[in-house]
Amino acid sequence: MRFTINLATQTYLDKRLLNQICFSALILMVVLLGWNITRASWNQGEKRQLDTEIASLERRLNNKPKGIADKDLTKQQAKILFYNEIILRKSVDWLQLLDSIENVTPEGVALASVVPGKKIGELKLDGRARSFLVVRKYLEKLEESQNFTDVLLLSHKELKTGETGRGVQFTLSCKVQY
């Protein structure tokens, strides 16, 4: 039996194979770079085309239609705004709103009316409470709630109910986060 021992201290690599792998990887990266540049330029062209189409459509929408008087156009736009506002007001989830009001209303407060304001998201609450301390707690709970902001006490007055009964009538406004 013959044993051969390799006493070489260097590791020998197949440089030819290594060069072929590096060259192939370089060619692949150049092809991918070209493809990405082509795709980016294509997207830029599409963006420019869409921008010009958007600009032309906006010009058409902003121009007054031919044959229509200014008075009629303003009347029609006012009607459209009015009906859009009605649609927005009808889209409010009143059950969720009433549920969130109920969650923050403490014991001893009775709400008489919940009225939406002129602007969307505004709310006016009228109610009665046993004492002004309860009204103050109610205001604090509304302010701490995530659903209500800009809570403002508009008015309050003392009420007498019967000979010994007392209470407070109050009105407050707030903005609702739907």
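Just the heavy atoms: all of them, side chains too, but no hydrogens, waters or symmetry mates, feed the values below.
Applying the side chain to side chain contact (heavy atoms under 4.5 Å, CB included) test between D126 and each of T171, L172, L154 identifies T171 as the sole match. A side chain to side chain contact (heavy atoms under 4.5 Å, CB included) with L123 is found for one member of V151, L97, V115 and no other, namely L97.
Atom CZ of R136 and atom OG of S131 lie 9.5 Å apart (nearest 0.5 Å). A distance of 10.0 Å separates CG in N147 from CG in L142, rounded to the nearest 0.5 Å. One finds the CD atom of Q76 at 10.0 Å from the OG1 atom of T74 (value rounded to the nearest 0.5 Å).
No donor-acceptor pair under 3.5 Å is formed between the side chain of D99 and the backbone N or O of L95.
Taken together through direct or relayed side-chain contacts under 4.5 Å among Ile, Leu, Val, Met, Phe, Trp and Tyr, Y138 and V114 form part of one hydrophobic cluster.
Annotation: E53, atom CD; neighbour count of heavy atoms from other residues, nucleotides and ligands within 6.0 Å is above 12. Environment of NZ in K124: sparse, with no more than 12 heavy atoms of neighbouring residues, nucleotides or ligands closer than 6.0 Å. Shown here is E122, whose CD atom has more than 12 heavy atoms of other residues, nucleotides or ligands within 6.0 Å. More than 12 non-hydrogen atoms from other residues, nucleotides or ligands lie less than 6.0 angstrom from CD of E46.
No side-chain heavy atom of V135 sits under 4.5 Å from any side-chain heavy atom of H156.
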